[in-house]
Structures are given as structure tokens and as C-alpha cells.
2 protein chains.
Amino acid sequence: MTRAEAAGLPDDDAPKMPDRLRRRASRQLSQLTARSDRLINEGLARVDARKWHYAVLASLQDFGPGSQAALSGRTGIYRSDMVGVLNELAERDLVERAPDPDDRRRNIITISTQGRRHLHRLDKVLDDLHDELLAPLSPAERDQFVQLLTRLLDHHTRAS
Amino acid sequence: MTRAEAAGLPDDDAPKMPDRLRRRASRQLSQLTARSDRLINEGLARVDARKWHYAVLASLQDFGPGSQAALSGRTGIYRSDMVGVLNELAERDLVERAPDPDDRRRNIITISTQGRRHLHRLDKVLDDLHDELLAPLSPAERDQFVQLLTRLLDHHTRAS
DNA sequence: GTACATCGTTAGTCTCACTAACGCAACGGG
DNA sequence: CCCGTTGCGTTAGTGAGACTAACGATGTAC
């Protein structure tokens, strides 16, 4: 069901959204992100994963084991939410959560062999999903798009 | 407080986010949209408005009065959420909500003079906020960005 | 040793996007 | 003229994301 139909509009009639609304970058971002999130979430759900899983596994693979707080810093996931993510990953035996003998406040998280395998699969799944997401753009345009996003994001992250 | 600090990371240490994570368009979209939404919401809150207010007022101004369902179609706001938005707008005397004599199921929503004035102010506020949002981009790049967003959005909206 | 910071954890807030179901009114066909 | 269907406004609720506050346990610095 399309959004227009869900909103109660006959789909043969044009939505007639005002231009000044349609053209606002903030609105476009919201809408596209909603689509993108749904696409990614559904795609990952098909392989029993969520996007946070990918973030944590990738961080472990690329930078090695770490405490939950360290993972939080690497991935941008709040440490309050990290708990649940690690529970899910541990349930699936994708990571090991072991107390740090040197600092008994910490847990040290390690990626397992299954975790590595799963991550590899997720990478491929995400490649496909991004292909779908960016379908209308040529390779050059995709680079351009990612580059523009990167610059905007850097700007708003640095200056906080 | 920066996100890194909130997540519990010492801010002199680089976040070390894995590249494969940082480069994913879906993630960039999510993060940028989070920033954008906050920027817009805070900016609009300063003039006692929300972004849905703008959407409804603009739709009324550009296409004239309509039922709640029609507005829902024009703005993309679900009709379940429209109720609350119209309550807020009516409280502020920015719109009139009157029963349709020809079809007693309908309410006809009309923008008031104050509503027009308010919309005009919101337009200026939003211009400023988008200037801030897109600050790092040149005018040409902003157009490019909006155009890429438009194409992506069209693609994912048409095909549903 | 006492004050302070950090770690994992629990709980809760707020906003978005979205679904389900309600009572009511209107329309269309037998 | 009744009757099923559809559309309307409304209420309630879901699930996820982003975020805050505060806890007890532990470590660090003065």
C-alpha cells in the first residue's frame, strides 16, 4: 500500500504536495531516511540481524576486542542501548562477553568465528540493499551523493 | 556535549569508526537526518511551531481549504496524526475547523489571516535553518544535493 | 581514605512512522 | 427502502531510534 493510499487519497489523483514543502532538504532527508531504514531493516531481518549488529561486529573485526564503552565510542551506539545489542549477539554466539580480569568493571567483547562469518554475509547483504537504495543513480552520482553526505555530516559533527 | 562524549569516549581519542560503517549511505542518511531533525525542531520550537504545522499551513495556502483527509493526502501526514496537528493549529487560531454542510462526515479546514502571517514567518525561519543545515555546500552543490535526493525519493515513492 | 570518574545496567522520555479499529455518515445496488 | 461498502474523523497503541538520568560496583587521584 502506498503512502498516499494509506493517507486516504485516491491514487489516480495527484498528491499535489506544495513545492516549497517538497523541495525542503530536511523533509527529503526525513522521507528518504524512513524509506532507507525500512529497506535496510527488512533486508537484515531476513537474515536475523539488525543494523546495530553490523556496526558492532564490524567494529570488533576492524579494531579488535574492546569494552562495551569502547564499542559504544566506535559505533556511536549509546552504552545504554549497547547492552541489548550485545545480549542479542551473545545469544546468537556471534560475540563473547567476558569480564576483564584487569578491571573488574569492564566486560571484554570478542568476535567469534561465527561472528566473522555472519559479518561477511551481512556485508554482502548490505551491498545489495544499498544497490537497491541508490538504484536510480549512476556510480559517479553515488560517489557524489556519499561525498556530499559526508561533508554535511562532518560539518555538523565537528561543530557539535 | 558531543555524541562521542555522551557515548562515554574520551574526546581526545579518535572515535575510530570503521570505514565500511562510516561510508554506508544508509547510515549517513540516518545520522544526518537525526541532526537535521533536531536542528529544525529546535528552530521551529523557538517560534512555537512544529514541522507538521508548516506542512499543513503551506498546503492550505497553496491549494485552498480542504477536508482533513485531503490535507492528509497533500502533506503525507497520516490522518491519525492530523487530528493532533489540527488541534494545535486551531488552539493558536491559525486555522478554522468547520463541519462541511454538504457532507457531514467532513471537517473543512481553512487557513486564517494569522495563519498566513505565521506561515510567512515560518518560511523565513526555515530558510535560515536550511542555510545552517547546508552551510558547507556551495549553492551549486546544494542544488545538486536536493536533486539527488529528489531522484532517490521519486524512485522509492513511485515504485512504492 | 575519601572524593571523583568510569563501567555496565535499568528505566524512562520523546518523537516518528505506521496500524487497527471505532462510530458515524454517505453512496450504490437490489 | 434497506444493506453492504466505502470514506471520514478520532482514539489507541506499536516498535524503533535517539537520548537522559541514575544506580551500584569498581577503579583512580589527591
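Quick note on labels: first sequence line is chain A, next is B, and so on, each numbered from 1. Only this structure's heavy atoms are used, side chains among them; waters, hydrogens and symmetry mates stay out.
- Mapping Ser30(A) and Pro101(B) onto DNA chain C by nearest heavy atom places Ser30(A) at the nucleotide closer to the 5' end.
- Residue contacts for Asp81(A): at a heavy-atom cut-off of 4.0 Å it reaches a base atom on one of the strands shown.
- Within the nucleic acid shown, Ser80(B) comes within 4.0 Å of at least one base atom, counting heavy atoms only.
- Between Asn41(B) and the phosphate of dC16(C), there is a side-chain N or O to OP1/OP2 separation shorter than 4.0 Å.
- Where Arg105(A) and Ile108(B) each meet DNA chain D at their nearest nucleotide, the meeting point lying more 5' is that of Ile108(B).
- At dC18(C), one or more side-chain N or O atoms of Arg38(A) fall inside 4.0 Å of OP1 or OP2 (strictly under the cut-off).
- Ion pairing between a basic and an acidic side chain is recognised when a charged N comes within 4.0 Å of a carboxylate O; Arg106(A) and Asp103(A) show such pairing.
- Ionic pairing of Asp37(A) and Lys51(A) is present here: one or more N-O contacts between side-chain nitrogen and carboxylate oxygen are shorter than 4.0 angstrom.
- Here the C1' atom of nucleotide dA16(D) and the NE2 atom of His53(A) are 13 Å apart, to the nearest Å.
- A single hydrophobic cluster is not seen to contain both Leu86(B) and Val83(B); linkage of ILVMFWY side chains at heavy-atom distances under 4.5 Å, directly or through other members, places them apart.
- Following rounding to the nearest Å, Ile109(B) (CD1) and dC8(D) (P) show an atom-to-atom distance of 13 Å.
- Rounded to whole angstrom, the span from the CG atom of Asp37(A) across to the C1' atom of dG17(D) amounts to 8 Å.
- Considering only side-chain N and O atoms, Arg97(A) lies under 4.0 angstrom from the phosphate OP1 or OP2 of dT9(C).
- The nearest whole Å value for the distance from the CE atom in Met82(B) to the P atom in dC8(D) is 12 Å.
- Between Asn107(B) and dT10(D), a side-chain N or O to OP1/OP2 separation shorter than 4.0 Å is present.
- Salt bridge present: Arg142(B) and Asp131(B) bring a charged side-chain N and a carboxylate O closer than 4.0 Å.
- Between Asp154(A) and Arg151(A), none of the side-chain N atoms (NZ, or NE/NH1/NH2) sits under 4.0 Å from a carboxylate O, so this pair counts as no salt bridge.
- Between Glu42(A) atom CD and dA17(C) atom P the separation is 16 Å, expressed in whole Å.
- At whole-Å resolution of the value, CG in Leu32(B) and C1' in dG17(D) are 16 Å apart.
- Donor-acceptor pairing under 3.5 Å, judged by distance alone, is absent between the side chain of Asp103(B) and the base of dC8(D).
- Leu39(A) has its CG atom 17 Å from the C1' atom of dC18(C), to the nearest Å.
- The 5' end of DNA chain D is approached more closely, in terms of each residue's nearest nucleotide, by Gln68(B) than by the other of Arg104(A) and Gln68(B).
- Remark: P of dA18(D) and NZ of Lys51(A) are 5 Å apart, rounded to the nearest angstrom.
- Within the structure, every side-chain polar atom (N or O) of Tyr78(B) is placed at least 4.0 Å from both OP1 and OP2 of dA17(C).
- The existence of a salt bridge linking Arg24(B) and Asp127(A) is confirmed by a sub-4.0 Å separation between a basic side-chain nitrogen and an acidic carboxylate oxygen.
- For the OP1/OP2 pair of dC7(C) and a distance below 4.0 Å, the side-chain nitrogens and oxygens of Arg106(A) include at least one atom meeting the criterion.
- Proximity of Trp52(B) to the phosphate of dT15(C): no side-chain N or O atom is located under 4.0 Å from OP1 or OP2.
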